[in-house]
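Heads up, the thing below is written out as structure tokens.
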Amino acid sequence: MDKSKDSAEDPQHLVGRKFYPAEVEANFADSDPTDTPQTRHPAYRLAFRDTDFLLREELRPVRFQLELLKPEMVLEEARVGSTLVMYGSARIPSPEAAEKMQSGVGYLSDNQRTVTENLIAKAKYYDEAYKLAKMVSEKAIVEEGLRQFVVCSGGGPSIMEAANKGASDAGAESIGLNIVLPHEQAPNAYVTPYLSLNFHYFALRKMHFLIRARAVAVFPGGFGTCDELFELLTLIQTGKMKPIPILLFGRKFWNRIVDFEGLAEEGTISKSDLDLISWCETADEAWKSICNFYKLSDPISGCD
């Protein structure tokens, strides 16, 4: 037997599929010269190529499955073993943008000035997000042939941009999980193109943030960041997810926004639940927390 033949093309070969792949069947359909009222009608389209059909209300369960499966396959093929997820506001300016904002503060109303100055004060977190992503990416940890602590952000601007930029400047790839929104939303320029994924469903996006997460850094943010933080805390508190480092940057900000101690004093959470949070102000503190949690040896950060 001539073993040089492709088993998929040799009908006498014992190994290989006996049905044509969907891609080949689609090519057969494209090359069919028949042009009749029947072949032109949408009902005749192959179901998996019929966008109108796939977008029907009844097909939502299928779209859920596709949105779960596609990113999983992309990240698996990219040999991503674990991620460092970085959440944070899309409004915090970079230090450069903060300088420009500062120059115009004098022309603002009192309320606008207060908001602008508050945002300017948070520009330091753009720097810390960048430093953390760069630091972790430079370590290029690989275990069992899989890349560990690959930086993963929401793919947008501000803190998310800082995360992907830090990884990019370290010469590493990084992930961006974007979401379709009514207003314009595009991936930042530092996300690795083949790891730039787009979602329709917030629930599936949040699931993919955490499937491979081995640490999550949470910077000051708004509703979206709070949603992501509290879902993560709930999953670990209830035992649905094994503990991982939750690195909360900006104690002053978060304690103003959320009275964590108050929740414990009211009895609606346990005092021990507060231990789920590791407070950080710098990238070095965050990496040290990760090292201590996973017992990683890193003389640069002081971890034994």
### Task
Using modelled atom types only, decide if a donor and an acceptor are shared between the side chain of Lys122 and the backbone of Asn118 within a distance under 3.5 Å.
yes
### Message
Is it the case that over 12 heavy atoms from other parts of the model lie below 6.0 angstrom from the CD atom of Glu58?
### Response
yes
#### Entry: For Pro42, all residues meeting side chain to side chain contact (heavy atoms under 4.5 Å, CB included), sequence neighbours excluded
Arg45
### Query
Side-chain contact, heavy-atom cut-off 4.5 Å: Ile246 with Ile236?
yes
### Task
State, yes or no, whether a side-chain contact exists between Arg91 and Val115 at a heavy-atom distance under 4.5 Å.
no
### Task
Look at atom CZ of Arg40 and say whether more than 12 heavy atoms of other residues, nucleotides or ligands are closer to it than 6.0 Å.
yes
### Task
Indicate the ring-plane relationship of His208 and Phe199, choosing parallel, tilted or perpendicular according to the 30° and 60° boundaries.
tilted
### Query
Hey, does Glu173 have a side-chain heavy atom less than 4.5 Å from the side chain of Tyr194?
yes
### Message
Are Phe28 and Tyr20 an aromatic pair, judged by ring center distance below 6.0 Å?
### Response
yes
### Residues Ser109 and Asn111: side-chain donor-acceptor under 3.5 angstrom
no
### Task
Begin from the C-alpha positions of Lys70 and Glu67 and carry the test salt bridge (Lys or Arg N to Asp or Glu O under 4.0 Å) through to its verdict.
CA-CA 6 Å; Lys70 179 183 176 180; Glu67 198 150 285; over 6 Å; no
### Query
Can a salt bridge be assigned to the pair Lys100 and Glu96 using a cut-off of 4.0 Å between side-chain N and carboxylate O?
no
### Query
What residues form a side chain to side chain contact (heavy atoms under 4.5 Å, CB included) with Ala213, not counting sequence neighbours?
Thr83, Val85, Leu210, Val216, Ile244
### Query
Would Leu296 and Phe149 satisfy side chain to side chain contact (heavy atoms under 4.5 Å, CB included), going step by step from the backbone distance to the final call?
CA-CA 12 Å; Leu296 300 176; Phe149 298 112; 4.1 Å; yes
### Task
Check the surroundings of atom CD in Glu25: do more than 12 heavy atoms from other residues, nucleotides or ligands lie under 6.0 Å from it?
yes
### Query
Is Glu231 salt-bridged to Lys240, going by a charged N under 4.0 Å from an acidic O?
no
### Message
Quick check: is Met160 connected to Tyr190 through a chain of hydrophobic side chains (ILVMFWY, heavy atoms under 4.5 Å apart)?
### Response
no
#### Entry: Close side-chain approach of Ile290 to Leu84, heavy-atom, < 4.5 Å
yes
### Summary
Here the ring pair (Phe, Tyr, Trp, His ring centres under 6.0 Å) pairs for residues 62-118, sequence neighbours left out, are Phe64-Tyr201, Tyr87-Phe209
### Partner set under side chain to side chain contact (heavy atoms under 4.5 Å, CB included) for Thr51, not counting sequence neighbours
Leu55
### Task
Drop me the distance from Asp273's CG to Gln237's CD, to the nearest 0.5 angstrom.
4.5 Å
### Task
Check for a donor-acceptor pair, side chain of Ser137 on one end and backbone N or O of Ala133 on the other, with a separation under 3.5 Å.
yes
### Task
Please step through salt bridge (Lys or Arg N to Asp or Glu O under 4.0 Å) for the pair Lys131 and Glu128, ending with a clear verdict.
CA-CA 5 Å; Lys131 289 175 186 176; Glu128 294 305 324; 3.6 Å; yes
### Message
Does any part of the side chain of Leu248, heavy atoms only, come nearer than 4.5 Å to the side chain of Phe260, both counted from C-beta?
### Response
yes
### Query
side chain to side chain contact (heavy atoms under 4.5 Å, CB included) with Asp259: which residues, sequence neighbours excluded?
Glu261
### Query
Ignoring hydrogens and geometry, is there a side-chain-to-backbone donor-acceptor pair from Asn164 to Ile175 under 3.5 Å?
yes
### Leu233 vs Ile269 side-chain heavy atoms within contact, under 4.5 Å
no
### Pair listing, salt bridge (charged side-chain N to carboxylate O under 4.0 Å, His left out) test, anchored in residues 241-255, at least two apart
none
### Any side-chain heavy-atom pair of Tyr126 and Glu161 under 4.5 Å
yes
